[in-house]
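So the structure is just underneath, and the comments pick up after that.
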Amino acid sequence: MRKYATRLRLLGARRLLRPTPVSAVLMILASTAFLFAQTIRQRSHDVKNGERIYKSGCITCHGASGTGAPQTLTEFKRPDTFPDFTRCGQTTPEPNSAWKDVIVHGGPSRGFSEIMPAFGELLTSDQIDDVIAYLRSLCRNNHWARGELNLPRALITEKAFPEDEEVISTAINTRGAPGNTTDIIHEQRFGVHNQIEVDVPIQFQDQSHTWYGGVGDATLGVKREMFSSLRTGSILSLFGGVIVPSGNRSRGFGTGTTTFETFAAFDQLFPTNTFVQLQVGADLPRHTDIAPQTVYWRAALGQSFAGDHGLGRLWSPMVEFVADRDLVDGARTNWNVVPEMQVTISRRQHIRANLGFSQPFTNTRGRQSQVVFYVLWDWADGKLTRGW
Ligand code: HEC
């Protein structure tokens with residue numbers, strides 16, 4: 001424990017993380033992620049061999065440069081999702097497993113056009129890995145974060161990867177006063193590293209046997225990926241945003257003051273598809289007389305499993321440890337534990353759902369247990385109605 005304590009003192013985190021058993025667990029997780037960030041080991045693929053395969057099997061449709069064969073030479077009408085392998089913004093969000101599924105089983109395996117043939121009988125698994133390595137070489141800008149680092153979204157902990165996503169996330173009280181909150185979240189990438197985020201919460205509460213509903217305080221922010229490496233499996237992002245006082249304060253739906261929010265998110269993927277997502281942040285209201293400053297820290301620990309040798313439906317059980325604390329004298333730290341399961345719904349894996357249960361386990365008085373779930377749509381991967 002000494003070693004962790006010294007390290008955290010260096011990070012200036014000792015004041016935030018009092019030595020409770022739970023923070024010890026969190027410290028161990030964090031240290032594991034930082035200290036043992038392992039290399040994502042892969043067989044080194046033969047790009048030259050991949051190029052040969054591409055030229056014999058793929059070039060007639062995908063073209064000599066990977067942008068697509070001239071329309072005059074191809075028989076088929078291009079689907080709007082037809083790939084241009086030179087466009088890094090299109091290709092880097094796709095993990096190799098998504099491409100491999102399409103190459104092995106053909107387009108329909110991920111809800112794409114049947115024009116894209118299946119090569120699973122013609123090419124070996126290694127040959128397909130080689131051709132994917134060649135396709136990867138067609139994106140010449142290696143500053144884009146790779147889709148492998150786009151880890152399954154946790155219910156509460158925010159991830160580091162910049163996303164093109166719509167999420168509807170609901171939390172329903174299961175004890176105490178009935179109530180629920182639904183966050184409508186829009187995330188959109190811009191440039192190589194950035195993402196806009198808009199989050200509008202809609203709340204319903206039973207207050208002395210009358211139901212009240214309304215919009216809560218909405219968040220507008222920008223997340224920026226600062227560092228990512230597929231080799232080590234790590235990605236780091238910073239977020240800055242404003243929470244506007246759009247909620248009705250007297251109903252308890254808003255704080256009544258503009259709040260600045262900032263956080264850092266660090267995610268680590270291990271070669272076994274185990275992952276850790278860490279987030280540390282603060283809410284800093286303009287008027288601290290009506291709403292206190294708050295710090296929070298969150299960790300999601302999970303493991304992904306996919307059928308069909310890693311190409312099929314993805315199941316990701318996770319557990320989150322979520323804490324926050326008001327920066328006022330005598331405040332106590334609120335800890336929640338959140339076991340959950342994310343699963344891909346559509347064949348393309350661009351529609352996913354997550355269901356979990358948030359249970360307070362410190363400072364429990366007046367704090368609710370909640371069922372929490374979301375449905376997300378990664379809209380860069382195609383329309384809602386496609387990919388089934
Ligand atoms: C007969 C034409 C044809 C041939 C041959 C062909 N493809 Fe395709 N491929 C397509 C079409 C069309 C699509 C787009 C499908 C869609 O978007 O619905 C596609 C899509 C893809 C995708 C994109 C999947 C995604 O996630 O966007 C990959 C990867 C791919 N092809 C790889 C290959 C490789 C590698 C070869 C050679 C081994 C190959 N293709 C041969 C027509 C072809």
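All ligand and atom numbering here is 1-based and tracks the order in the structure. The figures that follow rest on heavy atoms only: side chains count, while hydrogens, waters and symmetry mates do not. Sequential numbering from 1 along the given sequence is applied to the chain's residues.
Taking a 4.5 Å side-chain heavy-atom cut-off between Ile, Leu, Val, Met, Phe, Trp and Tyr, the cluster of Val215 extends to Phe190, Ile196, Val198, Val200, Leu220, Val222.
Ionic pairing of Arg136 and Glu94 is not present here: no N-O contact between side-chain nitrogen and carboxylate oxygen is shorter than 4.0 angstrom.
Judged by the 6.0 Å distance and 45° axis criteria, Arg286 is not positioned over the aromatic ring of Phe260.
For atom 16 (C) of ligand 1, the nearest protein heavy atom (residue, atom name, distance) is Thr81 OG1, 3.3 Å. Here the protein heavy atom with the shortest distance to atom 27 (O) of ligand 1 is Phe112 CZ, 3.8 Å. Counting only heavy atoms of the protein, atom 28 (C) of ligand 1 lies nearest to Phe85 CZ, 3.6 Å. At the shortest separation from atom 13 (C) of ligand 1 among protein heavy atoms lies Phe82 CD1, 3.7 Å.
Distances from ligand 1 to the non-hydrogen atoms of Tyr54 include no value under 4.0 Å.
Side-chain contact between Met116 and His62 is present, with at least one heavy-atom pair separated by less than 4.5 Å. Side chains of Met318 and Val338 form no contact here, defined as non-hydrogen atoms less than 4.5 Å apart. Put simply, the side chain of Tyr296 reaches to within 4.5 Å of the side chain of Asp283, judged on heavy atoms. In this structure, Gln370 and Asn336 have side chains that are not in contact, with every pair of non-hydrogen atoms separated by 4.5 Å or more. Between Ile132 and Lys100, some side-chain heavy-atom pair lies under the 4.5 Å cut-off. Considering only heavy atoms from C-beta on, Thr170 stays 4.5 Å or farther from Tyr374 through its side chain.
Phe239 and Phe161 are members of different hydrophobic clusters when ILVMFWY side chains are connected at heavy-atom separations under 4.5 Å.
Under 4.0 angstrom from ligand 1, there are no non-hydrogen atoms of Tyr134. Under 4.0 angstrom from ligand 1, the non-hydrogen atoms of Ser113 come from both its backbone and its side chain.
Around atom 8 (Fe) of ligand 1, the protein atoms of type N, O or S that sit closer than 2.8 Å are His62 NE2, Met116 SD.
The shortest N or O to N or O distance between Thr60 and ligand 1 is not below 3.5 Å.
When each atom of ligand 1 is checked for a heavy atom of Gly57 under 4.0 Å away, the hits are 5 (C), 37 (C), 41 (C).
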